[in-house]
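So the structure is just underneath, and the comments pick up after that.
Throughout, a chain's letter reflects where its sequence line sits, starting with A, and its residues are numbered from 1. These numbers come from a predicted model, not from an experiment.
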There are 2 protein chains.
Amino acid sequence: MSERRSRRGRGGADARIEKTIKPFAERKIPYFDIISEADYQIIEDNAETILNEIGIEFRGDEEAIQMWRDAGCTIEGERVRFPRGLCRQLIQDNAPREYTQHARNPARTTIIGGDRMVNVPAYGSPFVSSLDFERRYATLDDFQNFVKLAYMCDSLHHSGGTVCEPVDIPVNKRHLDMVYAHMKYSDKPFMASVTAPERSQDTVDMLKILFGDDFYDENGEPKTFTSSLINANSPMTFDDTMLGALKVLARNNQATVVSPFILAGAMSPVAVAGTCSQILAESMAGMAFAQLIRPGAPVVFGTFSSSISMQSGAPTFGTPEPAQILYITAGLARRLGVPFRSGGGFCASKVVDAQAAVEAANTMSHSSMAGINFMLHTAGWLEGGLVMNYEKFVIDADQIGMAQRIIGGVDMTENGQAMDAIREVGPGKHYLGCAHTQRNFKDAFYLSPLTDNNSYEQWSAEGKLTMEQRANAYWKKLLAAYEAPPLDAETDAALQAFIEKRKNEMPDEIG
Amino acid sequence: MSERRSRRGRGGADARIEKTIKPFAERKIPYFDIISEADYQIIEDNAETILNEIGIEFRGDEEAIQMWRDAGCTIEGERVRFPRGLCRQLIQDNAPREYTQHARNPARTTIIGGDRMVNVPAYGSPFVSSLDFERRYATLDDFQNFVKLAYMCDSLHHSGGTVCEPVDIPVNKRHLDMVYAHMKYSDKPFMASVTAPERSQDTVDMLKILFGDDFYDENGEPKTFTSSLINANSPMTFDDTMLGALKVLARNNQATVVSPFILAGAMSPVAVAGTCSQILAESMAGMAFAQLIRPGAPVVFGTFSSSISMQSGAPTFGTPEPAQILYITAGLARRLGVPFRSGGGFCASKVVDAQAAVEAANTMSHSSMAGINFMLHTAGWLEGGLVMNYEKFVIDADQIGMAQRIIGGVDMTENGQAMDAIREVGPGKHYLGCAHTQRNFKDAFYLSPLTDNNSYEQWSAEGKLTMEQRANAYWKKLLAAYEAPPLDAETDAALQAFIEKRKNEMPDEIG
C-alpha cells in the first residue's frame, strides 16, 4: 500500500528532467562580509537588547504568551521580554542548519540551506500585467499560468506560493485552488497557505492526500513538503493570523520562513545597522517560537528589507541601503546557523523599463552575492509587488540564471586554465577555431534567451524589438510548449473531492 | 611668474564644489575573492608561462624590441619572451601603488588606486543617440555636451577621453578639439589622446600651456595630469600606435591604463581562468614596458573583458563569465600592487530598454563590488560601445552613485545603531516621526533623481513616463543649468592659438 501510494503520489518523475536539472543552485565561491566581526557582535548584542528590554508583542495568541512565560520570559500583556540569549539558544539547540523540502517529483526535491540557492517566484500580487494588457486584477487562470511558467523555467527551483491573488475566487476558498494548482500543474516544491490557520491546515491535509503514506518518514514523523512565509508585523510584533499559521505548520514539521517585513524608515530606523538589529531580533523571536511549538521544526531567517523615499514616503527598491542590509543579514543568518531568505526581482517601476530592470538587477546580483538560500520574489515582481508581470517573470528568471552561474564558481581544471588554447593560438590570432574552443564552446558561456546581441542592422531588420517585446513572445512560447507533469487520476480525484467538500463547508467571502 | 601662471592655469576652483564633492568614491568594505590563494597562484604562474614560453609581440617598434633585449629578454623578430618574473619585478620595483592625477581645479584632483573608485564616462563611440533622435554620427557638439554632462554629474569624478568621436572634425585634428573641450568645459581630470604618438604629444603640449609652471613639481619632474587608454591587441600583441602613445605619455610621467581588449572566445580562450592568465600576462608586459621607458611612470592594470555569443559570434555584455573575470583580475591587480581599471555600463542593447539596464547594472554592481579604481565606460555606453546615448548617460551616472554608496560602508556609530529610535518607537508603531528619523532623514537613504516610486495613480496622472523619458528631461535640465568653470582668457587664447597652429600644419584627413 505504501509503495503503491508513494508511487502514485510522486506522480511526474521525468527521466529527462532528472538528468539535466538541479533542484538548487550551488555556491562555490566564498561568502562576503561587508562589516567586521566586531560590527556583527554589536548588531547581535543590540538584537539581544531589543529582545530583552523592549520585547516583542505576540498579539491575540494566549497560547504563545503562556509558552513564552513557561520558557522563562517576562510577560506584560502581549509583550514578551526574553532573557538575553534565550531565542538564539532555542534556535541553535533545535533548528536544523538545512532541511530537505520534498517535491512530488523526487528529482525536484530540494535542500534549503548551506551553500545552496533556491529560486522562488514572486508572491502576493493582487494585479497582473503584460505587454498585451494594462494592469488588472489577477485570476485563477493567471495563477495557473505563472505556476506553469515557473515549472518551465530551469532557473526557478520552486513553484512558490501566492504567485498572484486569484481575485476571481472567494477569499476564503482561493487557497484551495492555489495549493491544487501547485500540486497539479507543477512537480516542484511549493509554499503553504498562511492567510488563516485553517488554510494552513487545509494545505497539510492536501499534502497528506498527495503524498499518502509518504507524508511520514520511517519514524512516523511528517516530512517537510512546504516552506511558507510568516511575516512579522514590524516593528516587533507578530499577529494572531501569522502565529496561528506558524503553529499549524510547525506542528506538522512544515518549514516557516520568518520574515520581518521592513520598509526602512517606516518599520525600522533610517539606518542600516539599526535595521539589521531589529530584523535579527524579530526573526529570532519567530524562529525560536517555532522551536517551542516543535523542537527541530525547520525555520528560515527571512528578511524583506527595502527603504522608503524620505521625501514622499513611497517604498523604493534596488537602492544601496537595502543591499547593505542584505549582506549583513545574510551574515547574521550564517552566524546563527539557519537558512536565509531574502529576494528578489524587486522594483518600484510600473512598467518593464530600464527602472524595473536596474532595480531588479541590483537586488538580484547583491542577493546572490550575499548568499541567499531561499530567494523569494525572484521572478515577476513589478510596482512594489502589487503587480505580477508576465514579461518581467521570464526576464527575471533569465537574470537569476546568470547570477547563479556567477556564484557557481570558476573552473580551475586544466581545461579551465586553457593553456593548450593559448599555446595553440599565439599572438595576434583568434581563438574561434582552436581545439579548446571546439571542445568547450557549447557550454562555455551563459546564453540568454532574451537578450539581443546582433548588429544594429540585423536588429532593425527584425523589427527593432525591445527586451520586453522579446520576453512577450518568449513566455507565450513557454506556455504553448507546457505539458503538465503526470499526476495519477486517483490522487487528482481525491484532491478535487477534498476541495469540493471544504468549499461546500464555507460561505463565500469576497476579499 | 610661477604663482601667476599657476593661478591662471587652475582656472575654475569653485568653493561650493570644493565643500561638497569628493574627487573619488571611497571603499570602506573589505575586498572579495571568488577564488582561493592557490587558484590565484595557478593563474599567476600560467601568466608567467605565457610571457616566458609564448611571449608578447611588440609590433613596429624597434626601440621597444631593443629595450626588451637589453632587459634580458629573448627576441625572435617582434616576439619578446621574458625571463619568468621580469615583468612583475619591473612593476613592483618601480610603479606606484597609487598616483595623484591633477585637475585644473585642485578640488577635483583625484587619486587613482588604493581604496578609491574614480568613475569615468564611456569612451570611443562613433555614434550618438537619444530619445529625440535615432543613432547618427557624433559631432563636436555632442562631445562638448557629454563633457558638460560629466561635469554636472557628481558621481562622475573624471571627464574621460573620447567621450564620443567628433566625426565632423578631420580625423587627424579632432584630438585637439577634444582635449580642448575637456580643458575648457570641465575642470575634472581627463584622458590624453592616444590615436597617434604626435597626438599624445599635442596633449602634453596643451597641458603645459594650461598648467604653466605647475606642469612640473618642485623637483622639476612632470606631474601626472592624464590617465590614458593603451589597449593591447589581444591576444599577446601591442601595435606601434599604442606603443608610440605609451612612450610619449610615460616619458612625460602621464599615466597609462594598459588594457587587454578581450572578447573572450575570440581574443582569449572560452574559459574564465585561462582568460585571466592571458589578461595578466598582457597587462604586465605593457606596464613593465612603461617602467622601462620611465621608471616610476604611473600605470594602471586595465581590463576590458566581455565574451562573445558562441552561437553568433556577437559580443555580449552583462553576462556571468565576464563578471567572474572582473573579480579575479581585480584580485590579481591588488596582489600585483597597482591600480585596477575595468568598466562600466556595458550593454549590447540598441535602446535604453530592460536589456540595456540589466546588462549595465550587472557589470556596474559587480565592478564596484570587485574593487575598481578607474571605472572607465561608466556612463552612456550603448550597443557594445558603438553608441553614446544621452539618456543612458544620466541613468548610468545615477546607478554608479548607488554603487559607490554600497561600497562606502555601514555607519556603525551609535547614530547608525539607532537604538534610541528602536527604544522610542517600540512594537507596532512607526518610525516616521521619531527623533532619530528627524535627525537623519535627509541623508539617510540614497535618492535617485530618475526613479519613480509613486503610486500607479500618480504615475498615470503624470503621463506614465518611463525611466528613459524622465532621463531625457533630466539631461536637458542639466545642460540648461550648465555653467562653464572659469578659465582665464590668456590661457584660453594660448590654447586656441596652439590648436590653430597645429591644425594649419596638417592637411585634413577624413576618418
Side-chain angles (χ1 to χ4, degrees), chain A residues 29 32 34-35 39 46 50 57 236-237 266 269-274 278 307 309-310 314 316 319-321 323-324 348 350 352-355 357-358 361-362 365 402 405-406 410 412 416-419 421-422 427-428 430-432 436-437 440-441 444-446 451 453-454 456 459 466-468, chain B residues 29 32 34-35 39 46 50 57 236-237 266 269-274 278 307 309-310 314 316 319-321 323-324 348 350 352-355 357-358 361-362 365 402 405-406 410 412 416-419 421-422 427-428 430-432 436-437 440-441 444-446 451 453-454 456 459 466-468:
Chain A
I29 63 171
F32 304 153
I34 68 163
I35 58 173
D39 293 339
N46 286 341
I50 293 168
E57 294 206 351
M236 295 164 281
T237 307
V270 283
V272 167
Q278 183 186 314
S307 53
S309 161
M310 298 311 293
T316 63
T319 51
E321 296 78 16
Q324 293 181 324
K350 271 58 79 179
V352 186
D353 64 347
Q355 179 180 340
V358 289
N362 287 349
S365 57
M402 296 199 208
R405 186 110 175 196
I406 295 175
V410 176
M412 290 298 302
Q417 294 176 46
M419 288 299 284
I422 299 173
H430 68 73
Y431 289 80
L432 295 174
H436 180 273
T437 300
N440 289 282
F441 80 93
F445 297 146
Y446 181 90
T451 59
N453 307 304
N454 293 326
Y456 182 84
W459 172 77
T466 64
M467 185 184 237
E468 189 181 16
Chain B
I29 63 172
F32 304 152
I34 68 164
I35 58 172
D39 294 338
N46 286 341
I50 293 169
E57 294 205 352
M236 295 163 281
T237 307
V270 284
V272 167
Q278 184 186 314
S307 53
S309 161
M310 298 311 293
T316 63
T319 50
E321 296 78 16
Q324 293 180 325
K350 269 58 78 180
V352 186
D353 65 345
Q355 178 180 340
V358 290
N362 286 349
S365 56
M402 296 199 207
R405 186 111 175 196
I406 295 175
V410 176
M412 290 298 303
Q417 294 177 47
M419 288 300 284
I422 298 173
H430 68 72
Y431 288 81
L432 295 173
H436 178 275
T437 300
N440 290 283
F441 80 92
F445 297 146
Y446 181 90
T451 59
N453 307 305
N454 293 326
Y456 182 85
W459 173 77
T466 65
M467 185 183 236
E468 190 181 15

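The shortest side-chain heavy-atom distance between B:Arg405 and A:Thr319 does not fall under the 4.5 Å cut-off. Between B:Met310 and A:Thr437 there is a side-chain heavy-atom pair separated by less than 4.5 Å.
Most heavy-atom pairs under 4.5 Å with chain B, from the set A:Glu57, A:Gln324, A:His430: that is A:Gln324. Note on B:Gly274, B:Ala273, B:Pro320: by heavy-atom pairs under 4.5 Å with chain A, the leading option is B:Pro320. Taking chain B as the reference chain and counting heavy-atom pairs below 4.5 Å, the highest number among A:Val272, A:Val352, A:Leu432 is found for A:Leu432. Your options are B:Ala266, B:Ala444, B:Ser365, and the one with the most heavy-atom pairs under 4.5 Å with chain A is B:Ala266. Annotation: maximal heavy-atom pairing with chain A below 4.5 Å, among B:Thr466, B:Ile50, B:Asn46, occurs at B:Asn46.
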- Query: Could you walk me through whether A:Thr316 and B:Phe445 pass the side chain to side chain contact (heavy atoms under 4.5 Å, CB included) check?
  - Reply: CA-CA 10 Å; A:Thr316 63; B:Phe445 297 146; over 6 Å; no

- Task: Report the C-alpha separation of B:Val358 and A:Met402 in whole Å, then their side-chain angles, then the decisive distance to 0.1 Å, and conclude whether the side chain to side chain contact (heavy atoms under 4.5 Å, CB included) test is met.
- Result: CA-CA 11 Å; B:Val358 290; A:Met402 296 199 208; over 6 Å; no

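Between B:Gly416 and A:Ala271, the closest heavy-atom pair is O-CB, 3.3 Å. Closest heavy-atom contact between A:Asn453 and B:Ala348: OD1-CB, 3.4 Å. Residues A:Ile29 and B:Ile34 share a closest heavy-atom pair of CG2-O, 3.7 Å. Of all heavy-atom pairs spanning A:Gly428 and B:Thr237, the tightest one is N-OG1, 3.2 Å. Here the closest non-hydrogen pair linking A:Ala357 and B:Ala354 is CB-O, 3.4 Å. Residue A:Asn362 comes nearest to B:Ala361 through the heavy atom pair OD1-CB, 3.7 Å, listed as atom of the first residue, atom of the second, then distance.
Note: A:Met412 CE to B:Asp39 CG = 4.0 Å, rounded to the nearest 0.5 Å. Interatomic distance, A:Ile406 CD1 to B:Glu321 CD, rounded to the nearest 0.5 Å: 8.0 Å. Residue B:Gln355 holds its CD atom at 5.0 Å from OG1 of A:Thr451, rounded to the nearest 0.5 Å.
For a residue to count as touching a neighbouring chain, one of its non-hydrogen atoms must lie under 4.5 Å from one of that chain's; by this rule B:Met419 touches chain A with the side chain only.
For A:Tyr446, there are no ring-ring contact (aromatic ring centres under 6.0 Å, His included) partners two or more places apart in sequence or in a different chain. Residues passing the side-chain contact (heavy atoms from CB on, under 4.5 Å) test with B:Ala421, sequence neighbours excluded: A:Pro269, B:Ala418, B:Tyr431, B:Cys434, B:His436.
Of the possible polar contacts, none joining the A:Asn440 side chain to the B:Val270 backbone as a donor-acceptor pair under 3.5 Å is found. Distance alone, capped at 3.5 Å, is enough to place a donor-acceptor pair between the B:Lys350 side chain and the A:Asn454 backbone.
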